[in-house]
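Every heavy atom of this structure was used, including side-chain atoms; hydrogens, water molecules and symmetry mates were not. Keep in mind that this is a model prediction, so the values were computed, not measured. Order of the sequence lines sets the chain letters (A, B, ...), proteins ahead of strands, with each chain counted from 1.
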There are 2 protein chains.
Amino acid sequence: MKPSSAPLPRGDATRAALLAAALQVFGDKGFEAASTRQIAAAARANIAMIAYHFGGKEGLRAACADHVAAVLSGIFGTAAAPRVETASQARAALKALARAGVRGIVADEAARPLARFLLREISDPSPAFARVFETGFAPLHARVCRLWALATGEEPESEATRLSVFALIAQIVYFRIARAPVLLRMGWSEIGPNQAAAIEAIVLANLEAALDAAGRRA
Amino acid sequence: MKPSSAPLPRGDATRAALLAAALQVFGDKGFEAASTRQIAAAARANIAMIAYHFGGKEGLRAACADHVAAVLSGIFGTAAAPRVETASQARAALKALARAGVRGIVADEAARPLARFLLREISDPSPAFARVFETGFAPLHARVCRLWALATGEEPESEATRLSVFALIAQIVYFRIARAPVLLRMGWSEIGPNQAAAIEAIVLANLEAALDAAGRRA
DNA sequence: GTCTATAAACAGATAGAC
DNA sequence: GTCTATCTGTTTATAGAC
């Protein structure tokens, strides 16, 4: 937690470099397929430094998980939904979250390694990441459910509400996970800003449609 | 392509056992994390048989991909949408496909190894699977797009239509990929028939809502 | 803290007996 | 076709010099 103005002590610098490299390589190829050699090379550090700073490959993975959790709670802990009281405010907040999700997970170049690592941990969770789900993810999901309830009139903790929020998340993360078939079928060579905007439009339209339909039911 | 009534010759039996075991283990842990020793043990076969029958680990993966492609084209090649001419027929066909998707990918116990392998290949495609995307997946996606267009009045190959179909697929596959956070947040211990039914209801409701909204736009 | 050198375990592949 | 035994390369982890 040093201010970034002061240059890092040498040890902390390699530690940070290893962490960033690990996030990248783990996210790129998966934990098992990633080798500590490759991570060390990407960080321009020595392989032995992984054991010194993190205790081993598994410890490095845990440190990545902690880092991701910290970043996420930093983003969603402070900036999310400051004061939402009416249905239309809730709807606007949900749309803003969906937009931020598409930008951050699908499009944003800087957040890409973090998102990739996160999505790998979602489908193959490490023991360390189970904690993150409980402390970081579940409360966030519950907050989105409250917004959904406010926007539609449904119960915030009903099965339908919780699953509807998952279905919203699904549409965002899919376009990162299923990159290959999407690129092929869309005739795209990458998912850049223009492609992300097209995805965003569909996700937002689906969100609106689902909210309207749920509102009519409730 | 032997009838299953006649017992398999010895060689074909171990070949089939290795294929089934590989599908399971690759789907469970991913290609890189899976070891040929473990696959051979699960198939009660000798490790050397992998090289004999498939040429190596990579060949085994390709054989799994071919097998999955054959099963999929068997399912979707014959059973899909025999004669659809009106918007309401198209809507019913889309709902039936979504239902079949949830059942097959999320719920069905027998199809689970196949679905798991398929979803791993979607996020980390092997060279062998690129062919499957083009020959098997893209035409199927295009057929669903035509149904979507018929149900809504939109253009079948417009960007919005193609992305909308992806968003529909997203909601189905997400519940398999993001199993861990879903179970945690829903308080479920598994995704059995009851849970799959709840998911199916949400996916179908979202499909209806999206079709209605798209129909109003077009 | 950082490095070199090496240990110990494991991977996939293969030669050759049967 | 199936097996045992082994080769070769790579992995993570670590001991010890600096």
Nearest whole angstrom, please: distance from the [atom2] of [N] to the [atom1] of [X].
X: I39(A); N: dT11(D); atom1: CD1; atom2: C1'; value: 12 Å
X: L18(B); N: dT2(D); atom1: CG; atom2: C1'; value: 12 Å
X: R61(A); N: dT11(D); atom1: CZ; atom2: P; value: 18 Å
X: D12(B); N: dG1(D); atom1: CG; atom2: P; value: 7 Å

Salt bridge (Lys or Arg N to Asp or Glu O under 4.0 Å) partners of residues 37-62 of chain B, not counting sequence neighbours, each pair once: E58(B)-R61(B), R61(B)-E121(B)

For A210(B), all residues meeting side chain to side chain contact (heavy atoms under 4.5 Å, CB included), sequence neighbours excluded: N206(A), W148(B)

Stems involving DNA chain C, each a run of at least 3 consecutive Watson-Crick or G-U pairs under 3.5 Å: C:1-10 with D:9-18, C:12-18 with D:1-7

Looking at residues at least two apart in the chain, or sitting in another chain, which of them share a ring pair (Phe, Tyr, Trp, His ring centres under 6.0 Å) with [X]?
X: F26(A); result: F31(A)
X: F133(B); result: F129(B)
X: Y174(A); result: none
X: F117(B); result: none

Where along nucleotides 12-18 of chain C does protein come under 4.0 Å, by heavy atom, of base (B) or sugar-phosphate alone (S), with - for untouched nucleotides? BSB----

Table please: side-chain donor-acceptor pairs of residues 184-205 of chain A below 3.5 Å, with sequence neighbours left out.
{"from": "R185(A)", "atom 1": "NE", "to": "H141(B)", "atom 2": "ND1", "distance (Å)": "2.7"}
{"from": "R185(A)", "atom 1": "NH1", "to": "E157(B)", "atom 2": "OE1", "distance (Å)": "3.1"}
{"from": "R185(A)", "atom 1": "NH2", "to": "E157(B)", "atom 2": "OE1", "distance (Å)": "3.4"}
{"from": "R185(A)", "atom 1": "NH2", "to": "E157(B)", "atom 2": "OE2", "distance (Å)": "2.7"}
{"from": "Q195(A)", "atom 1": "OE1", "to": "G192(A)", "atom 2": "N", "distance (Å)": "2.8"}
{"from": "E200(A)", "atom 1": "OE1", "to": "R103(A)", "atom 2": "NE", "distance (Å)": "3.1"}
{"from": "E200(A)", "atom 1": "OE1", "to": "R103(A)", "atom 2": "NH2", "distance (Å)": "3.3"}
{"from": "E200(A)", "atom 1": "OE2", "to": "R103(A)", "atom 2": "NH2", "distance (Å)": "3.2"}

Please check if any side-chain donor atom of T161(B) sits under 3.5 Å from a side-chain acceptor atom of S158(B), or the reverse. yes

